[in-house]
Amino acid sequence: MTVLKFSSRSDAPESATTPCLVVGIYEERVLGAAAQRVDAAAGGAIRRLLENGDATGKPGTSTLLFGLPGVAAERVLVVGLGEQKKFDAGVYHRVANDAARALKGLPIASAYSTLTELDVPGRDVAWKSRTAALAADAQAYRYTATFKPKDAPKTPQLQTIEFSASEGRALAEAAAIASGVRFAKELGNLPPNICNPAWIAAQAKQIAERHSGVTLEVLERDDMAKLGMGSLLGVAQGSANPPKLIVLQWKGKGEAKPYALVGKGITFDTGGISLKPGAGMEEMKFDMCGAAGVLGAFLAAVELQLPINLVCIVPAVENMPDGNAYRPSDILTSMSGLTIEVLNTDAEGRLILCDALTYAQTFDPQVIIDAATLTGACVVALGKHASGLMTRDDELAEQLLAAGNQTHDRAWRLPLWDDYQGQLESGFADIANIGGKYAGAITAGCFLSRFTNGRRWAHLDIAGTAWDEGRKGLATGRPVPLLVQYLIDRTR
Ligand code: BES
Ligand code: MN
Ligand code: ZN
């Protein structure tokens, strides 16, 4: 899965030879600097568009011009930026994606974008380059793995984007994040008859084989039994696909305490004996997007050779109903020793994560972050735009929220107050696996918190953000950008 190539370029827009030059115009007939130069060289061609009403400058619109006199580029894509006084980071993000969508339909192998020169309040050129580059790669991604192979396209496909006024480091970060995002999208999109626990383990093995400094360990059912992971194994026992606990390590900083990333890897969630309704169940192939996200973030961190130690832990399990499946009222004993009353076998994510969180602590990490498609309640609360962030650590919350804002992979914090813990009481075990009808995202977070022993830990509920809804909805690759930005920020 190769990402677009990003590079930086600095020649003047009107004299740059390229299959396609991208320039921006605001509403009310205001041209961006590059558009002004092209307009001047081409005898007012862009202004004429605005005067005729062929272009409006509204965001989401673009106009393609061919063979402009006095301009070296074969094509000029004139992109609407909206009102100049409202042009901010959010609009830039949208415009970068719109421009990329327009480019991908063209028969060109490369393009030269000047969007990086536009003024965006509070954002530097590194941010503008990275945002534009990530947008371009996001738009260029196509899922093809399970279609009948098509003949190679007869026209060139976009492979390279050049950015003006850009810088190498920002583009290298963009390339690494893009490859993590692509990895996460592809793993998320694959069907569960291919992407089962063994498949995820095989992808982790490829990461380890392709990068020096990375080590992999895969714990099998017997290994997990020896460690006492009765909670994870309880979920796994109804599936013919054996569970895997995948552990990747990156050593980029001697003996420093690692950052630990833990991702929910339910390769398909039927609900188990507490069976889900049929309608929409196919979406539960995406229930491993937490796993895909932390693996993608790990891959990006390794590609960037970040000077940190990192451990990535993925419990990969399938939740199936079966003669051997676990049942409501079963009591499971977790690796931590806490016993758990299963009141609903569909609240399985927390049951595999609790043992993974306990295991993560054997690495004595400085921070633990988990990502999980954990609750429908989080989608009700925050919709498809923000991931739910839960942590008791205010500093960690600020850092993760900032990383999300920086990458437009945003999260919103929900409280983890002790007031909610009472909802998890059980008459038969130390804790129940569901917390009743209120605050489902929070009680799931509270459940996980019982297995963190007061360590620095944050939980990201990505149930709403990991894939786009609908029959053709694809995995988004979130929260890879947030996680990678968080890790990059720790090295500055
Ligand atoms: N994987 C689901 C959560 C989910 C549901 C994510 C819909 C995205 C869309 C999770 O395992 C689950 O089933 N959670 C239950 C918990 C409940 C039984 C307490 C839920 O949210 O309904
Ligand atoms: Mn479930
Ligand atoms: Zn689930």
Side-chain angles (χ1 to χ4, degrees), residues 188 192 195-197 200 231-232 234-236 238-239 243 262-293 314-321 325-330 332 340-354 356 370-388 390 414 420 423-426 431-448 459-471 473-476 478-479:
C195 181
N196 57 28
I200 300 183
S231 185
L232 186 158
V235 178
S239 172
V262 179
K264 173 178 172 181
I266 292 289
T267 60
F268 193 72
D269 182 10
T270 63
I273 297 299
S274 312
L275 194 65
K276 286 183 180 295
M281 199 199 278
E282 69 283 355
E283 291 194 29
M284 286 299 114
K285 74 168 183 178
F286 292 117
D287 212 16
M288 35 55 68
C289 283
V314 168
V317 180
E318 189 180 41
N319 186 23
M320 295 291 270
Y326 78 137
R327 0 163 156 58
S329 78
D330 277 2
L332 307 175
I340 304 164
E341 183 184 18
V342 177
L343 291 176
N344 189 320
T345 62
D346 197 11
E348 84 299 338
R350 62 198 78 182
L351 296 176
I352 66 167
L353 287 169
C354 68
D370 77 74
T373 50
L374 205 58
T375 64
C378 191
V379 195
V380 173
L382 298 174
K384 304 287 289 177
H385 302 290
S387 302
M390 282 152 264
L414 299 172
Y420 294 98
Q423 288 179 236
L424 293 169
E425 274 176 21
S426 160
I431 185 170
N433 83 325
I434 55 173
K437 67 177 173 184
Y438 301 131
I442 295 171
T443 53
C446 286
F447 181 95
L448 298 179
H459 160 57
L460 286 166
D461 192 330
I462 59 167
T465 54
W467 70 91
D468 292 325
E469 74 181 328
R471 181 181 285 225
L474 293 172
T476 59
R478 294 175 70 179

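Since the structure is predicted, the reported quantities are computational estimates derived from the model, not experimental observations. Just follow the structure's listing: the first ligand is 1, and inside any ligand the first atom is 1.
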(message) Hydrogens and angles aside, do Asn196 and Thr267 bring a side-chain donor and acceptor to less than 3.5 Å of each other?
(response)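 Thr267 and Asn196 do not have a side-chain donor-acceptor pair below 3.5 Å.
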(request) Give a yes-or-no answer on whether the side chains of Thr375 and Asp461 include a donor-acceptor pair shorter than 3.5 Å. (result)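 Side-chain D/A pair, Thr375 to Asp461: present.
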(request) Return yes when Glu283 approaches ligand 1 closer than 4.0 angstrom through a heavy atom, no otherwise. (result)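 So Glu283 does not count as touching ligand 1.
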(request) Please confirm whether Trp467 comes under 4.0 Å of ligand 1, counting heavy atoms of the residue only. (result)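 Contact present.
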Could you say whether the N/O atoms of [X] and ligand 1 ever approach to under 3.5 Å?
X	value
Gly376	yes
Asp287	yes
Glu348	yes

Please tell me if the side chains of [X] and [Y] come closer than 4.5 Å, counting only heavy atoms from C-beta onward.
X	Y	result
Phe286	Leu474	no
Pro479	Thr465	no
Asp287	Phe268	no
Pro243	Ile352	no

For [atom], what is the closest protein heavy atom, and at what distance to 0.1 Å?
atom	value
atom 6 (C) of ligand 1	Ala463 CB, 3.6 Å
atom 18 (C) of ligand 1	Asn344 ND2, 3.5 Å
atom 19 (C) of ligand 1	Ile434 CG2, 3.5 Å
atom 2 (C) of ligand 1	Asp269 OD2, 3.6 Å

(message) Suppose the cut-off is 2.8 Å; how many protein N/O/S atoms fall inside it around the Mn ion (ligand 2)?
(response)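 Under the 2.8 Å cut-off, the count stands at 4.
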(request) Check whether any side-chain N or O of Thr373 sits under 3.5 Å from a backbone N or O of Ala463 as a donor-acceptor pair, and report yes or no. (result)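 Between the backbone of Ala463 and the side chain of Thr373 there is no qualifying donor-acceptor contact (under 3.5 Å).
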(message) For the backbone of Arg327 and the side chain of Thr345, can you confirm whether one donor and one acceptor N or O come within less than 3.5 Å of each other?
(response)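 No, the answer is negative, given that no donor and acceptor are paired below the 3.5 Å cut-off.
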(request) Tell me which part of Leu374 gets within contact of ligand 1: side chain, backbone, both or neither, using heavy atoms under 4.0 Å. (result)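 Looking at Leu374 and ligand 1, just backbone atoms fall under 4.0 Å.
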(request) Measure Asp346 to ligand 1 on non-hydrogen atoms and call it side chain, backbone, both or neither using the 4.0 Å cut-off. (result)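 Both backbone and side chain.
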(message) One thing to verify: whether Lys384 and Asp468 come together as a salt bridge, which I'm taking to mean a side-chain N less than 4.0 angstrom from a carboxylate O.
(response)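 Looking at Lys384 together with Asp468, the answer is no, because their closest N to O distance does not fall below 4.0 Å.
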(message) Does this structure show an ion pair linking Lys276 with Asp346, if we count only N-O contacts that are shorter than 4.0 Å?
(response)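 Salt bridge flag = yes for Asp346 with Lys276.
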(request) Ignoring hydrogens, just give me the one of Met284, Lys264, Lys437 whose non-hydrogen atom is nearest atom 7 (C) of ligand 1. (result)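 When every heavy atom of Met284, Lys264, Lys437 is considered, Met284 comes closest to atom 7 (C) of ligand 1.
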(request) Less than 2.8 Å from the Zn ion (ligand 3) is the window; count the protein N, O or S atoms in it. (result)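 Considering protein N, O and S only, the Zn ion (ligand 3) has 4 within range.
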For the [atom1] atom of [X] and the [atom2] atom of [Y], what is their distance to the nearest 0.5 Å?
X	Y	atom1	atom2	result
Leu332	Cys354	CG	SG	8.5 Å
Met390	Leu414	CE	CG	4.5 Å
Leu353	Leu374	CG	CG	6.5 Å

(request) Take atom 22 (O) of ligand 1 and look for protein heavy atoms under 4.0 Å from it; say yes if you find one, no if not. (result)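 It does not; no protein heavy atom is within 4.0 Å.
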(message) Less than 6.0 angstrom from the centroid, inside 45 degrees of the normal: does Lys285 satisfy that with respect to the ring of Trp467?
(response)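 No, Lys285 does not sit over the ring of Trp467.
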